[in-house]
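This report refers to the structure that appears directly beneath it.
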Protein chains: 2
Amino acid sequence: MVELIFIFKEWLYNFVKEGVLMQLYNTSQYAIRVLNFIANHSDNRLYSAKELSEVLNIPYKFLTKIMGILVKTGFISSIQGREGGYELNKPASEIKLIDILNTFNDDTDNESCILGIGICDSLNKCALHDQWMEPKSLMRKMFEETTLNNLTCKDCKL
Amino acid sequence: MVELIFIFKEWLYNFVKEGVLMQLYNTSQYAIRVLNFIANHSDNRLYSAKELSEVLNIPYKFLTKIMGILVKTGFISSIQGREGGYELNKPASEIKLIDILNTFNDDTDNESCILGIGICDSLNKCALHDQWMEPKSLMRKMFEETTLNNLTCKDCKL
DNA sequence: TTCAATTACTACTTAAAGGTAGAATTTAAA
DNA sequence: TTTAAATTCTACCTTTAAGTAGTAATTGAA
């Protein structure tokens with residue numbers, strides 16, 4: 001019954017306009033999911049774009065575009081040709097979430113203002129500066145300190 | 001000297017690609033700034049779009065569009081014609097930031113997933129769920145509990 | 001009554017994220 | 001050697017947020 005309710009909620013969710021309170025880019029989300037999938041599979045083998053696209057339910061053509069960026073920026077290396085695919089280029093413990101976000105411009109320097117008024121610091125605040133400080137720093141800390149091997153999670157959604 | 005450095009930083013900032021780690025829509029930012037400005041000015045008078053646009057440095061035409069939405073959704077009321085303008089429709093203490101964000105779809109239900117995989121809760125987690133819980137709830141709490149009269153701030157940037 | 005300052009409305013343009021198409025290149029297996 | 005499965009590259013299309021343009025409607029002051 002609980003299972004049924006969940007399936008219904010999932011289905012219903014497709015019709016609900018998705019809000020974006022402080023969300024990541026789709027590209028960042030995809031990149032994190034792909035890298036996490038490769039990193040946290042014990043078998044040391046290559047993963048093809050086709051397989052990743054199917055398992056993670058990411059549009060194939062869009063995925064290959066993202067994979068190209070991840071190769072160029074050194075997160076993964078690729079083997080071309082038949083039986084080819086992708087593998088991590090460095091240990092999972094050395095890949096921070098913040099680095100992935102930075103790759104897709106999905107980051108901001110620590111002083112940029114939540115209300116969009118240039119630079120915000122203790123001397124030049126926007127009206128929301130004080131209230132925003134704590135949630136912001138916690139969030140940044142999370143992205144800066146979490147690496148792919150902190151994400152190991154049995155039975156997590158992919 | 002400190003002042004000079006700040007001006008330089010502000011100027012430099014215009015050339016830096018602005019990142020968007022968990023940012024608000026421009027519309028939301030503008031709306032918060034406008035409502036905050038009207039709410040936290042002691043003189044009980046009407047504010048024209050022209051004045052708001054100049055003081056807050058928001059494109060006039062874009063501002064009037066946003067003001068129209070704020071009127072329709074009941075945050076402010078408008079007086080048309082010469083000497084007309086806008087004023088708050090209810091006490092500042094009754095306007096929560098989260099309500100402003102909701103108006104511009106800049107919000108998400110509490111269960112939506114940071115990695116974009118439908119619904120996330122303790123039974124169906126994404127790989128980042130546990131790490132994201134605390135920063136997220138702090139952030140939501142801030143937007144839900146902060147009202148316009150909590151924002152009173154002398155010498156704050158407008 | 002005229003006029004200028006204002007809001008309100010409709011439609012369009014621009015910029016950037018999200019996503020797609022197709023063909024070239026690479027390479028191991030058959 | 002051929003072929004099929006893979007990455008790579010370039011160019012395009014779609015969607016949405018952001019911003020602009022022009023005009024109609026309203027109304028108080030001169």
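Each chain gets a letter, A, B and so on, in the order its sequence line appears, and its residues count up from 1. FYI, side chains are in, hydrogens and waters are out, and symmetry mates aren't considered; it's all heavy atoms of this structure.
Of all non-hydrogen atoms in B/L115 and B/A127, the two that sit nearest each other are CD1-N, 4.4 Å. When all heavy atoms of A/L46 and A/G85 are compared, the pair lying nearest together is CD1-N, 3.9 Å. Nearest approach of B/R33 to A/I117, heavy atoms of both residues: NE-CD1, 3.6 Å.
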Sugar-phosphate means primed atoms, P, OP1 and OP2; the rest is base. With that split, encode nucleotides 19-24 of chain C 5' to 3' as B, S or - using protein heavy atoms under 4.0 Å. BBBBB-
Protein proximity profile, nucleotides 25-30 of chain C - base contact B, sugar-phosphate-only contact S, no contact -, cut-off 4.0 Å on heavy atoms: -BBB--
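Between the CD atom of A/Q23 and the C1' atom of D/dA17 there is a distance of 15 Å, rounded to whole Å. Whole-Å rounding puts the A/Y47 OH to D/dT7 P distance at 14 Å. The separation between A/E51 atom CD and D/dT7 atom P is 10 Å, rounded to whole Å. Residue B/K50 contributes atom NZ, which lies 15 Å from atom P of C/dA4 at whole-angstrom precision. Atom CG in B/L46 sits about 13 Å away from atom C1' in D/dT27, given to the nearest Å. Rounding to whole angstrom units, CD1 of residue B/I58 and P of D/dA17 are separated by 18 Å. The nearest whole Å value for the distance from the CD1 atom in A/I69 to the P atom in D/dT8 is 12 Å. Between the CD atom of A/E87 and the P atom of D/dA6 there is a distance of 16 Å, rounded to whole Å.
Annotation: side chain of A/L88 is not in contact with side chain of A/F75 (no heavy-atom distance under 4.5 Å). Looking only at side-chain heavy atoms (C-beta outward), A/K157 and B/C120 come within less than 4.5 Å of each other.
Nucleic acid contact class of B/T64 (heavy atoms, under 4.0 Å, all strands): none.
By the side-chain hydrogen bond (donor to acceptor under 3.5 Å, both in side chains) test, A/D43 is found to be paired with A/R45, A/Y47, residues two or more places apart in sequence or in another chain being considered.
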Validation: residues 58-73 of chain B side-chain donor-acceptor distances under 3.5 Å, sequence neighbours left out:
unit_1: B/T64; atom_1: OG1; unit_2: B/K61; atom_2: O; d: 2.9
unit_1: B/T73; atom_1: OG1; unit_2: B/I69; atom_2: O; d: 2.7
unit_1: B/T73; atom_1: OG1; unit_2: B/L70; atom_2: O; d: 3.4

Under 3.5 Å, which donor-acceptor pairs link side chains of residues 141-154 of chain B to any protein atom two or more places apart or in another chain?
unit_1: B/K141; atom_1: NZ; unit_2: B/E145; atom_2: OE1; d: 3.4
unit_1: B/E144; atom_1: OE2; unit_2: B/R140; atom_2: NE; d: 3.4
unit_1: B/E144; atom_1: OE2; unit_2: B/R140; atom_2: NH2; d: 3.3
unit_1: B/T146; atom_1: OG1; unit_2: B/M142; atom_2: O; d: 2.6
unit_1: B/T147; atom_1: OG1; unit_2: B/N149; atom_2: OD1; d: 2.6
unit_1: B/T147; atom_1: OG1; unit_2: B/N150; atom_2: OD1; d: 3.2
unit_1: B/N150; atom_1: OD1; unit_2: B/T147; atom_2: N; d: 2.9
unit_1: B/T152; atom_1: OG1; unit_2: B/N40; atom_2: OD1; d: 3.4
unit_1: B/T152; atom_1: OG1; unit_2: B/N149; atom_2: O; d: 3.0

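The phosphate of C/dG18 (OP1 or OP2) has a side-chain N or O of A/T27 nearer than 4.0 angstrom. Contact annotation: A/Y25 does not reach the phosphate of D/dT16 (side-chain N/O to OP1 or OP2, under 4.0 Å). OP1 or OP2 of C/dA8 sits under 4.0 Å from a side-chain N or O of B/S78.
Annotation for A/M133: hydrophobic cluster partners, listed by chain and number, are none (ILVMFWY side-chain heavy atoms under 4.5 Å, direct or chained).
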